Colleague: 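There's a structure below that I have some questions on.
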2 protein chains.
Amino acid sequence: MTEKSPASPAITERKRGSGVKMVYDMLRDEILDLKLAPGSPVDEMQLAERFRISRTPIREALVRLAGEGLIETLPNRSTMVSNIDFLNLNPFFDAMVLMYRVTTRLAAQHHRPEDLAVIRDHHEAYAAAVAARDALAMIATNAEFHAAIAEAGRNSYFTGLFRRLLDEGRRILRLYYNSYGEEFPGRFVEEHARLIALIEARDAEGADRMAREHAEQIVLQVQQLFSRKDPLNLSL
Amino acid sequence: MTEKSPASPAITERKRGSGVKMVYDMLRDEILDLKLAPGSPVDEMQLAERFRISRTPIREALVRLAGEGLIETLPNRSTMVSNIDFLNLNPFFDAMVLMYRVTTRLAAQHHRPEDLAVIRDHHEAYAAAVAARDALAMIATNAEFHAAIAEAGRNSYFTGLFRRLLDEGRRILRLYYNSYGEEFPGRFVEEHARLIALIEARDAEGADRMAREHAEQIVLQVQQLFSRKDPLNLSL
DNA sequence: TGCATTTTTCTTGTCGACAAGAAAAATGCA
DNA sequence: TGCATTTTTCTTGTCGACAAGAAAAATGCA
């Protein structure tokens with residue numbers, strides 16, 4: 001649990017049945033935004049106080065987060081936020097590149113008109129975040145943009161894995177912008193627009209190729225992050 | 001809940017902290033073996049009686065199963081075992097073929113000696129199940145064999161998705177053997193042996209190609225299942 | 001007889017308490 | 001002073017109860 005405890009939710013009457021989801025949503029966002037740092041402890045009693053709810057729904061939310069790999073639990077021991085294995089990101093990169101390709105290819109093959117509208121909305125939100133130099137929003141809207149593309153591909157297995165990878169990418173990028181916070185890559189706005197055009201044109205090969213290039217740039221960016229001269233002060 | 005209630009676990013003293021896992025393991029197996037049929041209701045109170053444990057750990061096990069797509073829950077409504085969308089298995093097939101390829105290729109690249117030993121053990125268990133004409137064991141050991149290959153590839157993202165697909169494949173195949181229960185494909189024993197040899201030889205291309213052929217045969221087998229003249233009496 | 005409404009029953013979501021296990025602090029000893 | 005042991009405190013896993021919401025059954029009416 002971080003020193004700076006985030007604000008409690010509004011203490012209005014909750015509808016019965018919404019407790020677990022409320023806790024899950026908030027904790028998930030905090031993990032992805034690195035407000036809950038990798039490796040930090042997660043204490044049920046403190047969470048129960050903070051959310052003004054009993055421990056049972058807290059625990060259920062934690063089971064759900066554990067199932068998504070965002071936290072780690074062992075019996076009778078305290079839970080903690082999952083670490084990111086920065087020393088071995090290769091499996092992550094491999095999976096990301098392949099999933100960028102597969103989901104974008106499938107979107108080119110299977111999208112529907114309403115899909116394109118959703119994708120465009122997310123594209124606009126991303127462009128706005130870049131223009132506003134809002135790193136948190138940029139990272140989140142980027143993930144949502146690509147997730148919308150995956151949904152348009154209509155394969156829930158790939159979409160599920162890709163969402164998980166996008167989540168992890170959010171944490172990695174959040175750390176990057178925490179430390180450096182300078183680069184707002186306008187060229188990604190342009191690349192996203194090109195991706196949309198290829199998808200709309202149902203050019204599966206073109207979309208696959210572009211998605212690969214796009215993903216490989218992100219991989220390169222993250223790799224360069226770890227070859228910088230100045231240390232990152234990571235607690236590993 | 002099926003008419004024929006499976007046996008309760010041994011009512012010995014449980015170690016504190018093992019309750020959720022016990023329930024999870026048993027329910028998961030029953031879902032995968034189709035003892036709990038797709039679409040059937042899941043009742044916490046009955047499970048609590050059956051397992052001689054309070055509802056809280058039951059609920060936690062159910063959250064975990066829901067996270068894996070094996071059951072479906074909505075707030076304030078009864079939970080049920082996930083259906084299998086037999087009318088649209090194409091996403092499943094696409095994901096299976098790709099994951100068979102990716103995991104087998106990665107195993108050829110990254111395996112260690114102890115991995116091969118584990119893979120061989122599972123291969124032998126599969127061969128024994130085929131020889132004994134034990135369909136349940138054959139389905140389970142086949143999944144374990146391929147899961148062990150995926151583990152040898154050392155990419156937990158792909159392994160995670162593949163395990164989920166293998167689980168779903170278990171349910172589909174279980175239904176097949178429930179209905180027809182005749183075919184015990186000895187040639188898959190031979191193909192598994194060949195896969196091992198290619199992996200051991202670190203022939204990534206060969207392993208990828210063979211994995212694709214292998215997976216496409218399974219897809220074909222399942223597809224033929226649904227083009228049979230005699231109806232399956234599926235409740236959809 | 002068929003439908004709408006009301007009542008009863010059942011199931012789910014959460015509560016707060018108890019106790020086991022782990023972690024931290026205190027004590028004892030060389 | 002450093003280590004081992006004991007005691008205390010804290011956290012987790014589970015319990016059983018309460019009440020909200022849903023589903024089933026009963027009642028009322030045309």
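Lettering of chains follows the sequences in order, A, B, ..., and the numbering in each one begins at 1. Every value quoted in this text rests on a predicted model; they were computed, and no experiment measured them.
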Colleague: I'd like to check the side chain to side chain donor-acceptor pair (under 3.5 Å) partners of A/R171; sequence neighbours left out, ordered by chain and number.
Modeller: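 Per chain and number, A/R171 pairs via side chain to side chain donor-acceptor pair (under 3.5 Å) with no residue.
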Colleague: Write out all pairs satisfying side-chain hydrogen bond (donor to acceptor under 3.5 Å, both in side chains) with one or both partners inside residues 84-102 of chain A, taking only residues at least two apart or from two chains.
Modeller: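 Applying side-chain hydrogen bond (donor to acceptor under 3.5 Å, both in side chains) to every pair that reaches into residues 84-102 of chain A, excluding sequence neighbours, yields A/R101-A/D208.
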Colleague: Could you encode protein contacts along nucleotides 10-18 of chain C as a string, one character per nucleotide from 5' to 3', using B for base contact, S for sugar-phosphate-only contact and - for no contact, with a heavy-atom cut-off of under 4.0 Å?
Modeller: -SBBBBBB-
Colleague: Which residues pass the side chain to side chain donor-acceptor pair (under 3.5 Å) test with A/E68, not counting sequence neighbours?
Modeller: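 For A/E68, the residues satisfying side chain to side chain donor-acceptor pair (under 3.5 Å) (neighbours in sequence not counted) are A/Y24.
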Colleague: Name all residues meeting the ring pair (Phe, Tyr, Trp, His ring centres under 6.0 Å) criterion together with A/Y126; count only those two or more places apart in sequence or in a different chain, and write none if there are none.
Modeller: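 Per chain and number, A/Y126 pairs via ring pair (Phe, Tyr, Trp, His ring centres under 6.0 Å) with A/H192.
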Colleague: Among all residues two or more places apart in sequence or in another chain, which pass the side chain to side chain donor-acceptor pair (under 3.5 Å) test with A/D33?
Modeller: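 In terms of side chain to side chain donor-acceptor pair (under 3.5 Å), with neighbours along the sequence ignored, A/D33 is linked to A/R170.
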Colleague: Using Watson-Crick pairs (N1 to N3, plus N6-O4 or O6-N4) and G-U wobble pairs, both distances under 3.5 Å, which stems of at least 3 pairs involve DNA chain C?
Modeller: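 So far as stems of 3 or more pairs are concerned, DNA chain C shows C:1-30 with D:1-30.
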Colleague: The criterion is ring pair (Phe, Tyr, Trp, His ring centres under 6.0 Å); which residues satisfy it with B/H123, sequence neighbours excluded?
Modeller: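 Residues passing ring pair (Phe, Tyr, Trp, His ring centres under 6.0 Å) with B/H123: B/F145.
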Colleague: Once side chain to side chain donor-acceptor pair (under 3.5 Å) is applied, do any residues pair with B/D115, and if so which ones, sequence neighbours excluded?
Modeller: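 For B/D115 the side chain to side chain donor-acceptor pair (under 3.5 Å) partners, ignoring immediate neighbours, are B/R154.
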